[in-house]
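Worksheet: one structure, shown below.
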Amino acid sequence: MNHSNLFVIPEPVNNPKIRLFCFPYAGGSHTIYTPWLGQFKDCIELVFIQLPGRGSRLIETPHNNMASIIDELMEHADYITNTPYMLFGHSLGSRIAFDLAYNLHNENYPLPEYFIGSGSRAPHLKDEKKSIHSLPNEQFIVELDKMNGTDKRILQNEELVNLLTPMLRADFKIAELHQAPKIAISVPFTILQGSDDIDITPAQLNAWSELSQAEISIVHLPGDHFFINHHSSLVINQVNRILDNILNILD
């Protein structure tokens with residue numbers, strides 16, 4: 001089966017010891033993980049998730065609900081689980097990654113060795129922030145600009161904005177409306193959080209502990225909600241630490 005559209009693998013590894021699947025935030029593409037290339041041991045294969053509406057899938061209709069994202073991912077469940085693997089996601093990406101993990105759990109597929117959620121409330125909790133996905137275009141763009149997660153050069157380019165708005169609206173609709181079931185899975189978690197991220201409360205962060213039957217740790221890193229971009233080396237260090245522990249266990 002050809003996985004090239006959904007999975008971007010910039011540096012393929014023959015017989016990797018572990019695959020690290022990386023899920024971008026709402027409105028983001030797999031390119032947010034470009035700084036991660038060359039930062040891991042040669043036996044680790046990075047697999048970036050590329051959903052419809054961006055990158056080489058730009059002309060495809062974006063998913064506007066979590067179920068359709070998971071349906072597409074589950075079509076490739078054998079590939080995802082045929083090698084030891086870890087899931088990493090930031091913001092909406094972490095909630096997609098968790099939804100995938102519990103669906104794999106429900107279908108009795110091998111579970112990830114580890115789950116890293118980043119910059120997100122626990123996915124079974126309701127979003128308490130102001131909803132923006134259905135705002136008129138002008139207001140929608142203003143709100144996106146306030147978040148500092150979308151390149152301002154894009155937001156100032158009317159042609160690009162018109163091209164990307166359907167994808168952005170679809171992503172934010174999922175981010176704002178989806179709540180995962182409260183299901184605890186037998187996977188250890190690390191949850192990364194920006195120390196200056198005012199959008200996520202301590203209660204929303206600590207609620208991740210309700211979703212794991214294994215150990216869970218919460219790590220605070222410098223930065224706001226987009227610390228994954230502004231402090232990528234610190235995030236990479238955390239991921240490498242966990243990967244080293246997993247490799248020791250697998251060996």
Side-chain angles (χ1 to χ4, degrees), residues 20-36 39 46 48-51 54 66 69 86-102 112 114-133 143-151 167-168 170-180 187-212 216-243:
L20 172 58
F21 290 91
C22 302
F23 297 74
Y25 47 75
S29 74
H30 70 274
T31 59
I32 70 168
Y33 293 107
T34 299
W36 292 31
Q39 302 299 311
L46 296 182
F48 303 155
I49 303 302
Q50 179 175 244
L51 295 173
R54 64 213 88 200
M66 183 70 79
I69 293 177
M86 188 167 98
L87 303 177
F88 180 100
H90 186 78
S91 197
L92 174 61
S94 68
R95 302 195 290 278
I96 295 172
F98 176 78
D99 256 66
L100 173 62
Y102 86 69
Y114 211 97
F115 174 92
I116 304 180
S118 174
S120 176
R121 71 181 189 277
H124 61 299
L125 302 183
K126 183 179 180 182
D127 183 19
E128 300 294 342
K129 300 193 302 293
K130 179 177 73 173
S131 176
I132 71 167
H133 75 271
E143 294 300 323
L144 286 177
D145 192 30
K146 289 179 185 176
M147 293 179 186
N148 291 322
T150 305
D151 191 322
M167 177 273 289
L168 291 164
D171 277 12
F172 277 91
K173 180 180 179 182
I174 300 167
E176 292 167 353
L177 299 183
H178 179 72
Q179 282 180 259
V187 176
F189 287 9
T190 286
I191 307 301
L192 306 180
Q193 172 69 1
S195 56
D196 298 323
D197 187 348
I198 60 173
D199 290 332
I200 299 168
T201 68
Q204 290 174 324
L205 193 62
N206 294 331
W208 277 101
S209 63
E210 299 170 5
L211 302 179
S212 175
I216 177 168
S217 59
I218 295 175
V219 177
H220 292 270
L221 297 176
D224 60 14
H225 185 65
F226 291 100
F227 65 90
I228 189 173
N229 295 335
H230 306 139
H231 299 281
S232 62
S233 62
L234 297 180
V235 177
I236 290 166
N237 288 343
Q238 291 292 326
V239 177
N240 262 319
R241 178 182 58 80
I242 292 164
L243 282 166

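Atom set for the values below is all heavy atoms of this structure, side chains included, hydrogens, waters and symmetry mates excluded.
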*asked:* What's the separation between atom CG in L205 and atom CG in L192, rounded to the nearest 0.5 Å?
replied: 10.0 Å
*Would you name the heavy atoms of T190 and S217 that are closest together and state the gap between them?*
OG1-OG, 3.0 Å
*If the plane angle is over 60° it's perpendicular, under 30° parallel, otherwise tilted; pick one for W36 and Y33.*
perpendicular
*asked:* Applying ring pair (Phe, Tyr, Trp, His ring centres under 6.0 Å), can you list everything that pairs with F23, at least two apart in sequence or on another chain?
replied: none
_Looking at H90 and H225, would you say the former's side chain and the latter's main chain have a donor-acceptor pair under 3.5 Å?_
yes
*asked:* Could you go through Q238 and I116, starting from their C-alpha distance and side-chain angles, then the distance that decides it, and tell me whether this counts as side-chain contact (heavy atoms from CB on, under 4.5 Å)?
replied: CA-CA 10 Å; Q238 291 292 326; I116 304 180; over 6 Å; no
*salt bridge (charged side-chain N to carboxylate O under 4.0 Å, His left out) pairs, two or more places apart, involving residues 195-211*: K182-E210
*What residues form a side chain to side chain donor-acceptor pair (under 3.5 Å) with H178, not counting sequence neighbours?*
D99
*Grab the two heavy atoms, one from I191 and one from F115, that are nearest each other, plus how far apart they are.*
CD1-CE2, 4.3 Å
_Residue pair L168 / G27: nearest heavy atoms and the distance that separates them_ = CD2-CA, 3.5 Å
*Nearest 0.5 Å, what's the CG-OG distance between N240 and S233?*
11.5 Å
*Are H220 and F227 an aromatic pair by the rule of ring centers under 6.0 Å?*
no
_CG on L234 to CD1 on I228, rounded to 0.5 Å_ = 12.0 Å
*asked:* Rounded to the nearest 0.5 Å, what separates atom CH2 in W208 from atom CD1 in I218?
replied: 10.0 Å
*From S232 OG over to L221 CG, what is the distance, rounded to the nearest 0.5 angstrom?*
11.0 Å
*asked:* The test is side-chain contact (heavy atoms from CB on, under 4.5 Å); show your working for L46 and Q39 and say whether it passes.
replied: CA-CA 10 Å; L46 296 182; Q39 302 299 311; over 6 Å; no
*asked:* With a 3.5 Å distance limit and no angle check, can you tell me whether S212 reaches the backbone of S209 through a side-chain donor-acceptor pair?
replied: no
*Distance-minimising heavy-atom pair for P35 and T31*: CD-O, 4.1 Å
*Shortest non-hydrogen separation from S118 to S94 and the atoms involved*: N-CB, 3.8 Å
*asked:* Please report the interatomic distance CD1(I49) to CG(L100), rounded to the nearest 0.5 Å.
replied: 8.0 Å
_Heavy-atom donor-acceptor pair, R121 side chain to T201 backbone, under 3.5 Å_ = no
*Can D127 and R95 be counted as an ion pair, charged N to O under 4.0 angstrom?*
no
*Considering non-hydrogen atoms only, spot the tightest contact between A101 and L87 and give its length.*
CB-CD1, 4.0 Å
